[in-house]
Amino acid sequence: SHVVMGIVAKSQPLPPEGQKRRMSTADFEALALIGRGAFGEVRLVRQRSTREVFALKSMIKQAMVVKNQVTHLRNERDLLVAVADSPWIVELKYSFQDERQLYMVMEFLPGGDLMTLLMKEDTFSEAATRFYMAEVALAIQSVHALGYIHVSWRKRRRRRRRRRRR
């Protein structure tokens, strides 16, 4: 869908001077499957040119359109671009697409996500709970500072209601 195609255009980094080249899955060597979701999967990959390791999130375009997730994906990508320098949010390095899928190349953070850790540990100690909740609060605050609301990640403008005088 042409609606989906515009999602990744803004985060594609500029190629080196004098070079016009789009990224593709051929630029990465797949190392391991990290996880699967409703719309695709996340793989641990190594960029062939730099040998850097990243997490590559791939999403099936048609599934995103059918399940009405295009806006959510656009919001996710926009948020990741907006918080590029945040120590609290994973960094989006590149995004690109092919005929079937959309891809987001993100920094790889070993250790997984908070939910996976909680499932592994079953229960956090009070000290661990305080630590993780403080980190979550700081992450949410950094997203709110950009005008995003963490529940749906939709950018909303704050509007003042004007009372009509009668």
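For the single chain, residues carry numbers from 1 onward in sequence order.
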Linking I/L/V/M/F/W/Y whenever their side-chain heavy atoms sit closer than 4.5 Å, directly or via other members, would [X] and [Y] fall into one cluster?
X: Y94; Y: V42; answer: no
X: L73; Y: V81; answer: yes
X: V90; Y: L146; answer: yes
X: L92; Y: M64; answer: yes
X: F124; Y: V136; answer: yes

Given side chains that start at C-beta, do those of [X] and [Y] come closer than 4.5 Å, heavy atoms only?
X: L56; Y: R46; answer: no
X: E76; Y: M104; answer: yes
X: V53; Y: F108; answer: yes
X: Y132; Y: L118; answer: no
X: K61; Y: L102; answer: yes

Look up atom [atom1] in [X] and atom [atom2] in [Y], then write down how far apart they are to the nearest 0.5 Å.
X: D85; Y: S142; atom1: CG; atom2: OG; value: 11.5 Å
X: K57; Y: E41; atom1: NZ; atom2: CD; value: 12.5 Å
X: L117; Y: D122; atom1: CG; atom2: CG; value: 11.5 Å
X: E135; Y: L138; atom1: CD; atom2: CG; value: 7.5 Å
X: D78; Y: N75; atom1: CG; atom2: CG; value: 6.5 Å
X: S86; Y: Q141; atom1: OG; atom2: CD; value: 9.5 Å

Hey, mind stepping through W88 and I140 against side chain to side chain contact (heavy atoms under 4.5 Å, CB included) and telling me if it holds? CA-CA 9 Å; W88 309 108; I140 292 170; over 6 Å; no
To check you understand the geometry: which heavy-atom pair defines the closest contact between [X] and [Y], and what is its length?
X: A26; Y: R48; answer: O-NE, 2.8 Å
X: I34; Y: A55; answer: CD1-CB, 4.4 Å
X: M23; Y: D27; answer: CA-OD2, 3.2 Å

Within 6.0 angstrom of E126 CD, more than 12 heavy atoms from elsewhere: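 At most 12 heavy atoms, drawn from other residues, nucleotides or ligands, come within 6.0 Å of this atom.
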Item to check | CZ/R130: more than 12 non-hydrogen atoms of other groups inside 6.0 Å | outcome: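 No, because the 6.0 Å sphere around CZ of R130 holds 12 heavy atoms or fewer from other groups.
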**Message:** Between K93 and E107, does the side chain to side chain contact (heavy atoms under 4.5 Å, CB included) criterion hold? Intermediate values first, please.
**Reply:** CA-CA 7 Å; K93 299 288 189 173; E107 71 178 313; 4.3 Å; yes
- Under 3.5 Å: donor-acceptor pair, side chain of Q69, backbone of K67: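 Here the side-chain-to-backbone pair exists.
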- Go through the steps to decide whether V65 and V70 satisfy the test side chain to side chain contact (heavy atoms under 4.5 Å, CB included), and finish with yes or no. CA-CA 6 Å; V65 172; V70 174; 3.9 Å; yes
Salt bridge present between E29 and R43 (N-O < 4.0 angstrom):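 Between R43 and E29 there is no salt bridge, as every charged N stays at least 4.0 Å from the carboxylate O atoms.
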Steps toward side chain to side chain contact (heavy atoms under 4.5 Å, CB included) verdict (M119, L114): CA-CA 9 Å; M119 288 172 24; L114 186 60; over 6 Å; no
Please work out whether the ring planes of F28 and F54 are parallel, tilted or perpendicular, with thresholds of 30° and 60°.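 Geometry flag for F54 against F28: perpendicular rings.
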